[in-house]
Each structure stands twice: as C-alpha cells, then as structure tokens.
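Since the structure comes first, as structure tokens, the remarks are kept for the end.
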Amino acid sequence: MEDQSVDEFEDQYSSQVIEEEDLFFDDPSFDQDDNNHFEDGESAALFAQAVAQHNQLSTHAQDKDDEIQGQAQEVSEETLRNRLAGASAHKAGLDSLDKDRVNQIIYEASKGSAFFENEQKKDHALTKRIDEMLQRYDQIKDLDLTLEQSIVDHKIRELEESRDLTQAICHLDMDAFYASVEELDDPSLKDVPMAVGGMSMLCTSNYLARKSGVRSGMPGFIAIKLCPSLKMIPLHFPKYRAASAKVRDIFKKYDPDFLPMSLDEAYLNLTKYLTTTDLSPAEVVEQIRNEIFESTRLTASAGIAANRMIAKVCSDINKPNGQYFLPSEPEAIMEFTKNLSIRKVPGVGRVTQRVLEALGVKTCGDIYGRRALLYRLLSPISFNFMLKSYLGLGSTSLSSESSRKSMSVERTFNPISDRAALRQKVDQLSELLAQDLAKDGLRGKTVSIKLKLTSFTVRARAKTFPSYISSSKDIARIAKDLLEKELPVNIRLMGIRMSTLKPQANEDQGVKKYFSVVTNKIINDDDGNSNNYTPMKRPRPDDIESGTINDTSIDTDTEMQGTSSRPVLMDLICPICNRQLQMDNPQFNYHVDECLTKVTVKAILQEQDHQGMEVIGSGEDSNNSSTSSSCNSENGHTSNHSRKRMGTSNRQLRDKARIKSLLDYYS
DNA sequence: GGGTCCGTCGTGG
DNA sequence: TTCCACCACGACGGACCC
Ligand SMILES: Cc1cn([C@H]2C[C@H](O)[C@@H](COP(=O)(O)OP(=O)(O)OP(=O)(O)O)O2)c(=O)[nH]c1=O
Ligand SMILES: [Mg+2]
C-alpha cells in the first residue's frame with residue numbers, strides 16, 4: 001500500500017565505497033525498517049553486562065595459573081566454535097544435519113583471518129569473566145543464604161500477584177521473510193538452496209539452504225563452502241516493504257493498535273477482537289495466517305499466549321508455517337517455562353547463556369533452584385529479568401509510544417588510512433545521515449563516529465553540542481574533529497550517529513540557528529514525553545511504578561491468610577527481624593513480606609545509623625555488583641580480609657544493607 | 001549523594 | 001579473484017560535575 005517507499009532513487013554514493021561484487025547494501029532504500037524494539041517493555045536482559053564491565057581495566061591479570069589456564073584452553077576451542085557458528089545457529093531446532101561438520105567448516109574457513117583473531121580475543125575475555133564470576137560463586141556457595149531466599153521468595157510472590165492473564169497476545173513472524181519474497185518472483189528458487197544477501201553477508205536463507213547450515217548472519221563466502229550449490233540473491237528492499245505493507249493491512253483488521261517490530265514481525269492484542277466472535281484464539285490466528293497467505297502467498301508462524309515474552313517464544317515452536325497456543329493458566333505457563341531453554345527467552349543471547357550455564361542454569365525452571373545464588377551474583381535488573389523468565393511473565397500491553405533515540409549510518413569498504421580519503425568518507429556519510437534525518441524531520445545534539453580497524457576492533461567517539469544540528473556540513477565538521485584525534489588509523493568501516501534527538505519544531509526547514517537554540521530550550525521542557533516518566537534514569541521503575549510515595553502497604557491488616565487456616569504451627573525465626581515466631585507457613589510468609597516493607601527498612605536504617613556506617617561499607621565488600629553498585633569508592637577488590645573485622649552483629653548489618661539496596665531497586 | 005556524558009558490551013532482526 | 005552487514009536499543013561502569 002504505502003508507496004512512500006519508492007521515494008528517491010538517486011544514489012551518488014554507491015560507486016566507490018561499495019564494491020561491485022557485493023553491492024547489495026548500497027541500495028538507497030536500505031533504511032532498515034521502522035523498528036520498534038523494546039522487546040517487552042523492558043526488553044533485553046543483558047545481565048552479562050554486570051560482569052562484563054567489571055574488569056574493563058583490571059585486565060592484565062597476574063593471578064591464576066596453569067590449572068585454570070589449562071581448563072580455559074580446553075573449552076576455548078569449543079566456545080569459539082560456537083561463537084563463530086553465529087547467533088541463529090542455535091535457534092533452528094530441526095536440523096537433521098551434522099552440526100559438528102558445519103562448525104568444522106566454518107572454523108576452518110575462518111581460521112587465521114583478522115576476524116577470527118578478534119573473535120578469539122573476545123572469547124578469551126568472556127572466559128575470563130566467567131572464571132572470575134565462578135570465584136565469587138565459590139566464596140558464597142557455602143554461606144547461609146536463607147535471608148536471600150526470603151527476600152527472593154518475597155519478590156516472587158510479588159511478581160506472581162502481578163500476573164495478568166486477561167490478555168490474548170499474538171506474535172506473528174513471517175517465515176524466511178526476504179527469501180520467501182524472492183521466491184514469489186522466481187518460483188524456481190523454491191527448489192534450490194538459496195540465500196538473500198551477498199558474498200560478505202547473508203541476511204537470511206530459505207529452508208532448503210538451512211538444511212545445509214546456511215543461516216542469517218553468515219558470510220556468503222563461507223555459506224558456499226557449506227553448500228556449493230547455494231544460490232545467492234541480492235537484497236530488494238522495496239519488495240520486502242511492499243509485502244510487509246500487505247501483511248500489516250491484515251493485522252490492522254484484527255488489532256488497529258498492533259505493534260510492528262520489524263518488516264516481518266508484529267504483536268497483536270486479540271483480546272478485543274475475540275469479544276466479537278465465537279472463534280477460539282487459535283482459530284482466529286489460523287484465519288489471520290490464511291488471510292496473509294491469500295493476500296501475499298507467503299506463510300507466517302504465530303504464538304498465542306498471555307504476554308509478549310511467551311507469545312514470542314511460542315511463535316518459534318512450530319516455526320515453518322505453524323502456530324502454537326499456550327493456555328493462559330498459571331499451571332500451563334509454569335509447566336511451559338520449566339523445561340524451556342534459557343536461550344529461547346528473548347534477550348538471552350549466546351553470552352548470557354554461557355554465563356548462566358556456568359552457574360548451573362540451563363532452563364527457566366533451573367532458575368528457581370539457584371535463585372539465592374543468582375540474587376547474589378547478578379545485577380538487580382538482570383535478576384529481576386531472570387525471575388520473570390522463570391515465572392513466564394512479560395508485558396501485556398502493546399504501547400508503542402517510543403520516539404527514536406538515535407539515527408546512524410555506517411559502511412564497510414576496502415581499508416583506508418589516508419587522511420584525505422578518510423575525511424571524504426566523513427563527508428559522504430554525513431550527507432547520507434543528514435538526508436535520513438531530514439526525512440524524519442529530526443535534529444540532534446550528539447554526534448558520534450565509529451571506526452572499525454582492520455583488526456576488527458571497534459572504537460567509538462562522541463561529542464555533544466549545546467545546540468541542535470542537522471545539516472551534513474555541521475555533522476561532518478564535528479565528525480572530522482573527532483576523527484582527527486584518532487589518527488592515524490587503518491579502518492575497514494566508518495559510521496556516524498546522531499543522538500539526543502529532537503523533532504524539528506516546525507515544518508519550515510530554513511531555521512535560524514540562533515533562534516532555534518532559544519526555542520529549543522522552551523520546547524525542550526514541555527514537549528513530548530513528559531507524561532509518565534519520572535526523571536529517574538537507571539533504576540527504571542519498570543512497569544510497576546510502585547514507588548509513588550512510600551507507605552505503599554501501611555494497611556497491613558487487610559486480610560491475612562487467604563487460603564489455609566489450618567494450624568500447622570511451627571517455630572520459625574524471621575530472617576529479617578530475627579524474632580522467633582510461632583505460626584504456619586502462609587502466616588510466616590506474610591510476616592516476612594511485612595518485614596520487608598519500606599517502613600521496616602526505614603526503621604532498620606535509623607538503627608544502623610546509630611551504629612556507624614563504615615562497618616557497612618566494609619561489610620558490603622567485594623560481593624557487590626549485584627547489590628551495592630554505589631558503595632566502594634575504594635579499591636574495588638577489597639579482599640576478603642575486611643570481612644574478618646566484622647563481629648557477630650555485623651552480619652545483621654550487612655544483611656540490612658542488602659535489604660535496603662534491594663528495596664531501592666525493586667520497590 | 002545526586003546528575004550527565006562517554007565508551008563498551010550484548011542482543012535482535 | 002573475493003576473506004564476516006547494517007541499524008537500533010538498553011545496561012553499566014567510570015569520569016566528571018556539582
Ligand atoms: C536475523 C537477521 C534478519 N535479517 C532480516 C532478514 C530476515 O528475512 C528478516 C526477518 O528476520 P527473522 O524473522 O529473524 O528471520 P526469517 O524471517 O528470515 O526466518 P524465520 O523467521 O523463518 O526464522 O530480517 C537481517 O537482515 N539480519 C539478521 O541478522
Ligand atoms: Mg521471520
């Protein structure tokens with residue numbers, strides 16, 4: 001439908017940068033697409049970050065020796081092979097092909113290249129990080145973690161109460177999208193292994209090629225070694241956009257507020273539509289997929305579930321031209337996640353999987369048994385994410401209100417080190433970026449450049465300006481300043497990004513800069529997003545937003561026990577207040593919950609103020625990263641000795657500090 | 001003790 | 001012959017400023 005796609009076909013850029021062989025990326029219409037990202041409102045887990053950032057500079061390790069080294073070497077090749085195999089290698093289940101053979105071919109084809117060396121470096125770094133995390137694990141594995149257990153269980157109950165099963169969310173995903181579209185125009189492609197992309201990179205492949213191990217993100221020259229008869233087709237974005245538009249027209253009929261994630265993917269909330277029909281959710285989705293096929297002759301796969309996270313997982317289960325319905329019942333969902341590989345959870349990638357595996361977590365169900373350890377080792381955000389994965393929780397709303405945060409262009413070319421040539425690249429890229437910005441009527445304050453050296457190491461530099469800019473000249477000037485400081489370099493890729501964006505105030509383009517500065521300030525504060533977000537940054541209140549004003553649960557006595565009132569009294573000691581209590585389990589849980597309210601913590605904090613703070617500071621020592629994140633201004637490696645200084649009561653203080661930090665994040 | 005900016009990493013399509 | 005894309009986002013630590 002929307003034929004705004006064809007817009008302009010003038011592309012002065014193609015000739016020099018993009019080589020003749022793989023010119024598929026120089027299509028002017030290669031504006032990826034209108035992505036939405038924000039996977040489920042809080043999207044990716046990314047908890048490997050917590051560990052990753054830690055030893056940025058603490059490298060050059062002197063410690064550790066042959067035994068661990070030896071170990072690392074053993075696994076090294078294995079993990080590296082996995083890494084080289086690529087992201088989408090894991091996903092596809094139905095292979096019936098020799099995975100080892102495929103990995104071997106990829107490994108052999110890569111060995112010795114600069115790319116390979118770089119991957120090897122990254123893999124070693126990851127192995128090292130995991131080793132260090134395992135050392136932290138060793139330190140705490142024998143400790144008494146009942147307190148952590150209680151805190152985590154409290155959090156789990158909280159999350160369970162927040163479970164929303166009222167919505168019918170559907171994730172729809174076209175099968176081998178680009179490849180399938182190409183097969184429409186040339187049906188003979190259906191009968192041969194085929195991939196879309198070029199010699200340097202494939203974007204996707206048809207299912208015949210996948211049988212040979214050819215997948216998204218694989219370079220074409222390696223794919224050919226894997227499958228010599230592979231037919232490669234260059235990209236044709238206008239066709240994909242046209243097909244996507246047809247599909248979206250159908251989505252619109254079932255949910256006018258559907259949320260497109262990419263050209264070939266979208267979430268639909270079918271709740272409202274289901275009230276207008278007698279059909280079951282699965283039948284409705286069958287109908288949608290039939291309509292898609294009638295309209296485009298393309299097949300789609302779908303998952304139907306209570307929230308976005310599990311719906312997306314479900315859409316992959318019967319992938320080629322199939323669908324999966326997961327009943328919106330707690331038991332069904334828990335059964336589903338129990339044996340679900342953690343890797344299937346959107347946001348858990350190759351690295352996170354490796355880290356979790358080292359901690360004994362392979363499936364979402366494994367998380368529960370490791371919850372206390374994970375609580376100690378992961379960042380609060382990551383840990384929260386893991387709990388939600390275990391419980392099968394996710395966003396149930398499709399609110400897409402999200403303005404773009406950045407816009408960028410980048411190009412790979414034959415290595416350049418000549419200064420004049422580099423500056424010319426800046427000019428070309430700046431021009432492209434300025435065009436894209438103009439298309440969306442955007443300006444920005446921050447310009448960053450990205451340089452990928454011939455060694456494949458990446459360097460990024462940024463500069464923020466006091467005023468908003470958008471012209472190619474302004475962009476190029478700043479980018480060149482940034483570039484000068486990096487010379488000399490020999491690079492294979494250059495990129496330029498604009499961020500700190502702001503929509504062009506009016507539609508008139510010829511803005512006077514000086515005025516725009518002033519008006520910016522005015523508009524800046526009252527425009528756009530102001531509505532729901534507090535200025536809080538990192539500790540994002542997620543969705544719960546319970547913060548408001550504290551005193552959330554002052555009314556403690558609403559109703560104590562909902563379920564059982566049978567007297568199974570036991571002598572229990574609350575790990576929070578240390579009091580001995582005689583009550584049954586539900587009562588005890590309730591008590592612990594109460595103990596964990598902010599009011600309680602405040603009292604604790606006051607008490608602890610009286611007792612001196614520096615004890616807490618040292619008590620929190622090295623375990624940090626998951627809980628502290630703010631203390632140790634000192635050396636980050638305060639050895640375990642500091643712990644010795646703590647008396648008996650210090651243990652309590654340490655616990656209380658942890659509670660405080662937990663509630664800071666989670667409530 | 002807050003805030004912002006910068007650079008890197010992980011993830012997904 | 002050729003030797004691993006391009007785009008967007010969130011998390012996080014460190015540097016730097018109050
Ligand atoms: C994964 C990936 C996809 N794409 C493009 C090509 C894909 O056709 C399109 C959709 O991505 P996907 O939905 O991930 O893959 P697919 O549709 O080709 O195959 P299937 O869903 O059946 O597993 O996005 C890239 O350009 N780069 C990538 O790394
Ligand atoms: Mg798809």
Side-chain angles (χ1 to χ4, degrees), chain A residues 18-22 24-25 30-39 42-57 84 86-88 91 106 109-116 118-119 122 125-126 129 173-174 177-178 197-204 216-225 235 261-265 312 345-353 355 379-382 385 402 404-412 414 436 445-446 448 450 452 456-464 492-493 495 497 499-500 535-540 625 629-630 633 636:
Chain A
I18 310 295
E19 305 314 317
E20 303 72 18
E21 303 92 85
D22 38 1
F24 64 101
F25 270 124
F30 186 75
D31 39 344
Q32 291 303 71
D33 40 43
D34 49 341
N35 275 346
N36 234 308
H37 301 277
F38 296 100
E39 188 41 45
E42 70 242 23
S43 79
L46 303 187
F47 87 100
Q49 301 304 120
V51 205
Q53 298 296 328
H54 195 15
N55 13 4
Q56 199 78 335
L57 203 57
L84 290 168
S88 39
K91 282 269 183 115
I106 297 176
S110 307
K111 199 162 53 180
S113 67
F115 178 84
F116 179 90
N118 190 249
E119 291 301 299
K122 289 197 281 187
L126 174 58
R129 292 204 303 264
D173 185 324
M174 305 297 293
F177 185 53
Y178 295 176
M199 233 15 201
S200 57
M201 184 55 60
L202 302 178
C203 283
T204 193
S216 307
M218 178 178 286
F221 69 92
I222 288 182
I224 283 187
K225 288 189 203 294
L235 285 155
M261 299 299 293
S262 68
L263 281 185
D264 90 316
E265 230 182 284
K312 180 162 174 59
V345 176
V348 175
R350 188 176 35 76
V351 171
T352 305
Q353 178 186 32
V355 173
S379 77
I381 289 177
S382 311
F385 181 88
S402 64
R404 95 159 43 231
K405 304 286 188 299
S406 70
M407 186 174 272
S408 66
V409 293
E410 66 185 50
R411 290 295 180 271
T412 296
N414 290 327
D436 288 349
K445 283 202 289 194
T446 306
S448 352
K450 169 179 170 181
K452 187 186 287 181
F456 281 89
T457 56
V458 173
R459 210 183 282 175
R461 298 291 181 263
K463 185 172 177 64
T464 298
R492 74 189 318 278
L493 171 146
R497 163 176 17 255
S499 51
T500 326
M536 275 186 64
K537 273 297 180 162
R538 232 168 287 126
R540 256 175 59 189
S625 161
S629 87
S630 61
S633 56

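Keep in mind that the numbers below use all heavy atoms, side chains included, and drop hydrogens, waters and symmetry copies.
Across all strands shown, A:L493 has heavy atoms under 4.0 Å from sugar-phosphate atoms exclusively, and none from any base. Base contact: A:S110 has a heavy atom under 4.0 Å from a base atom. Residue A:T464 is classed as a sugar-phosphate contact, given heavy-atom separations below 4.0 Å to backbone atoms only. Residue A:F116 is classed as having no contact, given no heavy-atom separation below 4.0 Å to the nucleic acid. At a threshold of 4.0 angstrom between heavy atoms, the contacts of A:R497 with the nucleic acid are absent. Counting any heavy atom pair closer than 4.0 Å across all strands shown, A:K122 reaches no nucleic acid atom. Nucleic acid contact for A:M407: sugar-phosphate only, since backbone atoms but no base atoms lie under 4.0 Å from a heavy atom of the residue.
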The test is side-chain contact (heavy atoms from CB on, under 4.5 Å); show your working for A:F116 and A:L84 and say whether it passes. CA-CA 8 Å; A:F116 179 90; A:L84 290 168; 3.7 Å; yes

Give the intermediate values and the outcome of side-chain contact (heavy atoms from CB on, under 4.5 Å) for residues A:F456 and A:R492. CA-CA 8 Å; A:F456 281 89; A:R492 74 189 318 278; 3.5 Å; yes

Quick one, A:M218 with A:I106, criterion side-chain contact (heavy atoms from CB on, under 4.5 Å). Give me CA distance, side-chain angles, the key distance, then yes/no. CA-CA 9 Å; A:M218 178 178 286; A:I106 297 176; 3.9 Å; yes

The test is side-chain contact (heavy atoms from CB on, under 4.5 Å); show your working for A:L235 and A:C203 and say whether it passes. CA-CA 9 Å; A:L235 285 155; A:C203 283; 4.1 Å; yes

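Among the nucleotides C:dA11, C:dA5, B:dG13, the one closest to the side chain of A:I381 is C:dA11. For A:R129, whose side chain is taken as the heavy atoms from C-beta onward, the closest listed nucleotide among B:dG10, C:dC4, B:dG13 is B:dG10. Of the candidate nucleotides B:dT11, B:dT8, C:dT2, C:dT2 has the atom lying nearest to any side-chain atom of A:M199. Listed nucleotides C:dG10, B:dT11, C:dC6 differ in distance to A:E410; the shortest reach to its side chain belongs to C:dC6. Of all nucleotides listed (C:dC12, C:dC7, B:dG13), B:dG13 comes nearest to the side chain of A:D264. Closest to the side chain of A:I222, out of B:dC6, C:dC4, C:dA5, is C:dC4. Nearest to the side chain of A:T352, among B:dG10, C:dA8, C:dA5, sits B:dG10. If you check C:dA5, B:dG13, B:dG7 against the side chain of A:E265, the one that comes closest is B:dG13.
Between A:T446 and B:dC5, a side-chain N or O to OP1/OP2 separation shorter than 4.0 Å is absent. At the phosphate of C:dA5, OP1 or OP2 sits under 4.0 Å from a side-chain N or O atom of A:K452. For C:dC12, one of the phosphate oxygens OP1 or OP2 lies less than 4.0 angstrom from a side-chain nitrogen or oxygen of A:S379. Not one side-chain nitrogen or oxygen of A:R492 sits closer than 4.0 Å to the OP1 or OP2 atom of C:dC3. Regarding contacts with the backbone of B:dG13, every side-chain N or O of A:T204 stays at 4.0 angstrom or more from both OP1 and OP2. For the OP1/OP2 pair of C:dC9 and a distance below 4.0 Å, the side-chain nitrogens and oxygens of A:S406 include at least one atom meeting the criterion. In this structure, A:K312 reaches the B:dG13 phosphate: one of its side-chain N or O atoms is under 4.0 Å from OP1 or OP2. Contact annotation: A:R411 side-chain N/O to C:dA5 OP1/OP2 distance is not under 4.0 Å.
For the pair A:K463 and A:L126, nearest-nucleotide mapping onto DNA chain B gives the more 5' position to A:K463. Where A:F115 and A:S408 meet DNA chain C, the nucleotide closest to each residue was compared, and A:F115 sits on the side nearer the 5' end.
Of the N and O atoms on the side chains of A:S113 and A:S110, not one donor lies less than 3.5 Å from an acceptor on the other residue.
Whole-Å rounding puts the A:F456 CZ to B:dT8 P distance at 17 Å. The NZ-P distance, from A:K225 to C:dC3, rounds to 12 Å in whole Å. In this entry the distance linking OH of A:Y178 with P of C:dA5 reads 16 Å, nearest Å. In this structure, the CG atom of A:L202 is 14 Å from the C1' atom of C:dC6, given to the nearest Å. Taking atom CD on A:E119 and atom P on C:dC4, their separation rounds to 11 Å, with Å as the unit. What separates CZ of A:F221 from P of C:dT1 is a distance of 14 Å, to the nearest Å. Per the geometry, CG belonging to A:N414 stands 11 Å off P belonging to C:dC4, to the nearest Å. The CG atom of A:L263 sits 13 Å away from the P atom of C:dA8 (whole-angstrom rounding).
When the side-chain hydrogen bond (donor to acceptor under 3.5 Å, both in side chains) test is applied to A:S499, no partner is found at least two apart in sequence or on another chain. Residues passing the side-chain hydrogen bond (donor to acceptor under 3.5 Å, both in side chains) test with A:T446 are A:T464, A:T500, sequence neighbours excluded. Among residues two or more places apart in sequence or in another chain, the salt bridge (Lys or Arg N to Asp or Glu O under 4.0 Å) test is passed with A:E119 by A:R83, A:K122. For A:K450, the side-chain contact (heavy atoms from CB on, under 4.5 Å) partners at least two apart in sequence or on another chain are A:E410, A:V458, A:L493. In this view, A:R461 and A:E486 satisfy the side-chain hydrogen bond (donor to acceptor under 3.5 Å, both in side chains) rule, not counting sequence neighbours.
Rounded to whole Å, the separation between the P atoms of C:dC4 and B:dG12 comes to 24 Å.
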If you write DNA chain C from 5' to 3' in dot-bracket form, with Watson-Crick or G-U pairs under 3.5 Å, [ ] for crossing pairs and | for pairs with another strand, what do you get? .....|||||||||||||

